[in-house]
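Some notes on the structure that comes next.
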Amino acid sequence: MAEHISLGLIVLDQNKCVQYWNDFISRCSDKSMEQALGRPVTDTFPEADTKCLHRLIEQTLGQGRHPNVTRDGSQRAIQVPFNLFNDQETQEQNWLLFPFFGAENTPYFALMLLNGADRVEADKQYEIGSCSLAAREIEQRKLAEKLEQANSQLLQSEKLAGIGQLAAGVAHEINNPIGYVSSNLKALAGYVKDMLLIIDAIDEAKNTAELKQLKQGLEYEYIRSDVESLIAESEDGLGRVIKIITALKDFSHIEEEEFRLADIHHGFDTTLNLVKSELKYKAEVIKEYGQLPQIECIASQLNQIIMNLLVNAAHAIEDFGCITLRTGCENEWAWFEVEDTGKGIAPEALNRIYEPFFTTKPVGKGTGLGLALSFSIVQKHHGRIEVFSEVGNGTRFRVWLPVRQPDALDAS
Ligand SMILES: Nc1ncnc2c1ncn2[C@@H]1O[C@H](COP(=O)(O)OP(=O)(O)O)[C@@H](O)[C@H]1O
Ligand SMILES: [Mg+2]
């Protein structure tokens with residue numbers, strides 16, 4: 001068998017003397033085995049007399065290992081000056097050295113000379129492959145960057161859409177109190193003018209009867225009672241405006257990017273205040289808050305999720321329904337959910353709702369970004385979002401968040 005394989009095989013005894021080599025070696029080296037028999041291999045191939053060869057033999061002797069060396073590597077172990085193959089360029093000698101036992105347990109070494117050309121070719125292919133892989137990786141990284149950019153643009157545009165929606169609601173909410181405060185002010189201005197007339201008249205009046213007549217003419221009694229209620233009403237109206245403005249201010253910490261400990265109930269109340277006008281014609285809002293610790297989060301972003309969920313819930317309700325906002329905590333995880341009694345989500349839409357731009361709403365009403373944005377915020381918080389929906393019965397979105405963020409290392 002050894003004569004017929006196209007591998008070189010040299011058998012050495014313990015003194016590194018040649019005991020046998022196969023036809024392949026004879027052909028390649030132009031030397032006959034008979035000349036070399038019984039003599040140290042390094043006599044026949046002086047070039048092979050290297051430290052490395054001896055070390056390999058030591059290793060094999062000591063540990064029974066099968067050291068494998070390639071000629072192109074730094075360990076130029078065994079150099080045999082012959083052409084393995086006609087093609088010089090791809091010639092490469094790979095050597096494998098292994099011990100074996102002959103008759104009566106005599107130890108021998110087999111030196112096998114392998115055709116390394118295939119490996120060279122494979123290496124070349126590998127190199128080409130890894131180059132194109134690297135190029136693709138760069139391309140992918142560029143793509144990922146673009147995606148990241150697009151994502152942040154998306155977030156930005158959803159924020160704007162959200163703010164637009166919010167602004168409409170807020171304008172509506174503020175319009176009403178501002179309307180009556182300003183009409184009250186006009187009435188008050190008239191009353192004050194009349195009262196000043198009466199006060200001015202005190203100096204010139206000849207008798208109290210004349211004054212009384214003036215008071216009566218200007219309907220002083222009515223002015224008196226109305227002034228109080230006008231002032232009370234205006235104070236109330238301005239109070240409402242102040243409340244909305246404060247909520248807006250709270251909400252608009254949207255650019256905040258830092259994780260902080262926060263009481264998310266507070267944020268939810270603020271958000272509820274803001275979307276109240278949008279909800280009040282569609283649903284009764286029920287709050288079922290549980291016990292929650294402070295949560296490490298970007299509160300403004302959680303508010304944004306709640307706003308999206310609330311607005312979606314309101315949109316899903318056709319006439320008048322019920323929206324329930326619940327919170328709770330289990331071990332190291334806090335959750336909040338928004339449940340509605342709306343029309344539900346069709347099964348075929350269910351796995352698309354987090355896609356950017358997926359919307360079932362008419363142009364102008366839906367951007368299809370609310371849930372996409374919510375999803376990415378939840379991801380950023382290392383949490384998860386769940387949806388339970390039944391067509392005709394309603395939908396419940398639940399968001400789970402870790403109470404403490406895993407540190408950067410764990411997260412990666
Ligand atoms: N509470 C819900 N009830 C029914 N359908 C919902 C609900 N929330 C979301 N959806 C569905 O998911 C789609 C995507 O929602 P979203 O990303 O907020 O975009 P948009 O509200 O602008 O359409 C909606 O168009 C709607 O079909
Ligand atoms: Mg929406």
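By convention here, the first residue in the shown sequence is residue 1. Note: hydrogens, waters and symmetry copies are ignored here, and every other heavy atom, side chains too, is used. Both counts, for ligands and for their atoms, begin at 1 and track the order of listing.
Using a 4.0 Å cut-off between heavy atoms, Y354 makes no contact with ligand 1 at all. Under 4.0 angstrom from ligand 1, the non-hydrogen atoms of D340 all belong to its side chain.
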Donor-acceptor contacts under 3.5 Å from residues 195-218 side chains, at least two apart:
unit_1	atom_1	unit_2	atom_2	d
N207	OD1	A209	N	3.3
N207	OD1	E210	N	2.8

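Backbone or side-chain N, O or S atoms of N312 reach the Mg ion (ligand 2) at under 2.8 Å.
Classified by interplanar angle (parallel below 30°, tilted 30° to 60°, perpendicular above 60°), the ring pair Y289/H265 is parallel.
Residue-ligand proximity, L371 to ligand 1, at heavy-atom distances under 4.0 Å covers atoms 9 (C), 12 (O), 15 (O), 16 (P), 17 (O), 18 (O). Less than 4.0 angstrom separates some heavy atom of A316 from each of these atoms of ligand 1: 2 (C), 3 (N), 4 (C).
Ion pairing between a basic and an acidic side chain is recognised when a charged N comes within 4.0 Å of a carboxylate O; E145 and R141 show no such pairing. Note on D269 versus K287: salt bridge recorded, some NZ/NE/NH1/NH2 to OD/OE distance being below 4.0 Å.
Not counting sequence neighbours, the partners of F259 by the ring pair (Phe, Tyr, Trp, His ring centres under 6.0 Å) test are H381.
Close N/O approach between H315 and ligand 1 is not found [any backbone or side-chain N/O within under 3.5 Å].
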From CA spacing to verdict: ring-ring contact (aromatic ring centres under 6.0 Å, His included), F109, F98
CA-CA 6 Å; F109 299 107; F98 62 89; 9.6 Å; no

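Not close to ligand 1: G342, with no non-hydrogen atom less than 4.0 angstrom away. Residue contacts with ligand 1: I345 is included, with a non-hydrogen atom under 4.0 Å away.
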